[in-house]
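First up is the structure itself, then whatever we jot down about it.
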There are 2 protein chains.
Amino acid sequence: MNIGKWTIEKYNFSEEEIKLTLSHFVPKMVKENEFFLKAGEVSNYIGYVTKGLLRSYFYDDQANEITTNFFPEGSLIIVADSFNNRLPSKEYIKAIEDSELSIISYQEQMDLYKLLPAWYQICKDFGDIKISEILNRAESFQTLSASERYQKFCSEFPQLLQRVNLGYIASYIGVDNATLSRIRKKK
Amino acid sequence: MNIGKWTIEKYNFSEEEIKLTLSHFVPKMVKENEFFLKAGEVSNYIGYVTKGLLRSYFYDDQANEITTNFFPEGSLIIVADSFNNRLPSKEYIKAIEDSELSIISYQEQMDLYKLLPAWYQICKDFGDIKISEILNRAESFQTLSASERYQKFCSEFPQLLQRVNLGYIASYIGVDNATLSRIRKKK
DNA sequence: ATACGATTTTGACTTTTGTCAAAAGATTAT
DNA sequence: ATAATCTTTTGACAAAAGTCAAAATCGTAT
């Protein structure tokens with residue numbers, strides 16, 4: 001089971017353990033424009049995207065839709081605050097394309113902690129990767145101009161450029177729609 | 001041992017286990033303007049701040065000093081990328097005031113994993129708190145204006161206002177020095 | 001192909017933020 | 001107390017980004 005960054009190879013699991021882990025996951029389809037999670041619900045699943053593309057977003061005070069993340073194949077979807085602390089989510093997660101996920105429920109995941117002590121380690125490592133990703137994102141906002149953030153987005157996620165609305169990208173990099181259009185125009 | 005958000009109370013440790021945990025920590029003083037970590041070094045300690053105030057910063061491409069965090073009493077200092085992946089740090093961590101920390105080395109911490117399986121859980125939970133903090137920070141950049149970010153900083157960290165240079169705050173909220181001065185002027 | 005809706009671009013204008021350099025104010029060392 | 005240094009404020013200006021509304025473009029369903 002090699003799932004990109006989210007690999008469990010390095011934990012030297014036995015066949016047994018791998019089977020045990022995988023047996024706790026179930027497949028799930030999410031059709032284009034359907035929700036994997038709605039704001040107000042408590043996130044009850046971690047999802048690994050095997051196919052397709054989803055995005056997360058929420059509404060700010062002025063009811064603007066703010067895109068916070070894209071989840072193409074190979075992504076792990078965890079709505080950290082909601083899933084970990086059993087709180088209602090602020091975010092929606094919606095499929096941009098027909099998508100296939102492999103999901104594990106909160107409860108199943110708790111069971112795994114008991115059956116497989118390494119599961120804590122795995123989850124901690126996954127968390128560490130998330131931390132690096134978000135730090136990187138915060139740093140971009142802190143130090144880069146709108147146009148530099150767009151450049152960076154393009155080089156980090158070239159595959160997404162063809163697959164998502166520019167409006168989503170604009171909001172993801174924290175820029176007005178019209179401004180992104182102008183940024184793209186000049187070179 | 002109640003250390004604010006970073007509490008180990010909820011893990012229902014025995015006296016033994018608490019002693020075991022604490023025995024792995026050692027005290028460390030960092031005088032004003034001294035470094036807890038320098039860029040280029042591999043971060044070898046997690047530090048819990050019991051007294052004083054430190055900050056983390058790095059230099060961007062144009063050699064601007066960018067403040068990324070403040071660590072007053074009650075903070076947990078982990079330079080995630082460097083500590084977890086044993087990579088040289090981009091960041092400096094320097095004391096703004098004479099500070100006292102309680103630190104645990106990478107190795108000691110690894111030993112704790114073996115002696116105390118719950119240590120993984122604790123570290124995962126600490127990571128989850130960090131994730132929420134950084135997400136909150138990224139969201140501020142994504143959705144708030146410079147002056148709103150300053151307001152938010154003031155209400156989130158009122159104690160820091162009196163204790164750190166405005167220049168550090170400006171950089172932390174991603175705003176030019178002169179701009180922050182003007183923001184503060186008008187009301 | 002046509003028409004509808006959604007997305008993207010454009011124009012004219014405003015507001016926000018940055019830049020640079022100088023002045024004012026604080027702080028520290030001698 | 002004074003000089004030297006660091007921090008903060010200010011002014012004049014420039015650049016970046018936002019706003020609003022209309023036009024152009026694209027995609028899809030009929």
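Naming convention: chains lettered A, B, ... in sequence-line order (proteins, then strands); numbering from 1 in each chain. Quick caveat, the model's predicted, so the values are computed rather than measured.
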How many whole angstroms separate atom [atom1] of [X] from atom [atom2] of [N]?
X	N	atom1	atom2	value
Gln142(B)	dA17(D)	CD	C1'	16 Å
Asn177(A)	dA23(D)	CG	C1'	15 Å
Gln162(A)	dT8(C)	CD	P	13 Å
Tyr150(A)	dA16(D)	OH	C1'	18 Å
Leu166(B)	dT7(D)	CG	P	11 Å
Leu144(A)	dA16(D)	CG	C1'	14 Å
Arg149(B)	dA17(D)	CZ	P	12 Å
Asn33(A)	dA6(C)	CG	C1'	12 Å

### Task
Assess Arg55(A) against Tyr57(A): is NZ or CZ under 6.0 Å from the centre of the six-membered ring, and within 45 degrees of the ring's axis?
yes
### Query
Is it the case that Lys90(B) places NZ or CZ above or below the six-membered ring of Phe58(B), under 6.0 angstrom from the centre and within 45 degrees of the axis?
yes
### Summary
Ranking Glu32(B) and Val175(B) by the position along DNA chain C of their nearest nucleotide, the one closer to 5' is Val175(B)
So, is [X] near the phosphate of [N], with a side-chain N or O under 4.0 Å from OP1 or OP2?
X	N	value
Ser145(A)	dA16(D)	no
Lys185(B)	dT9(D)	no
Thr179(B)	dT17(C)	no

### Query
Is it true that a side-chain atom of Asp176(A) and a backbone atom of Ala178(A) form a donor plus acceptor pair closer than 3.5 Å?
yes
### Query
Of the nucleotides dT7(D), dC20(C), dT19(D), which has the atom closest to the Ala178(A) side chain?
dT19(D)
### Query
According to the interplanar angle, ranging from 0 to 90°, do the rings of Trp119(A) and Tyr113(A) count as parallel (below 30°), tilted (30 to 60°) or perpendicular (above 60°)?
tilted
### Task
Pick base, sugar-phosphate or nothing for Asp176(B), based on heavy-atom distances below 4.0 Å to the nucleic acid.
base
### Task
Kindly compute the distance separating SG (Cys123(B)) from NZ (Lys130(B)), expressed to the nearest 0.5 Å.
12.5 Å
### Task
Classify the side chain of Arg182(B) versus the base of dT19(C) as yes if they form a donor-acceptor pair under 3.5 Å and no if they do not.
yes
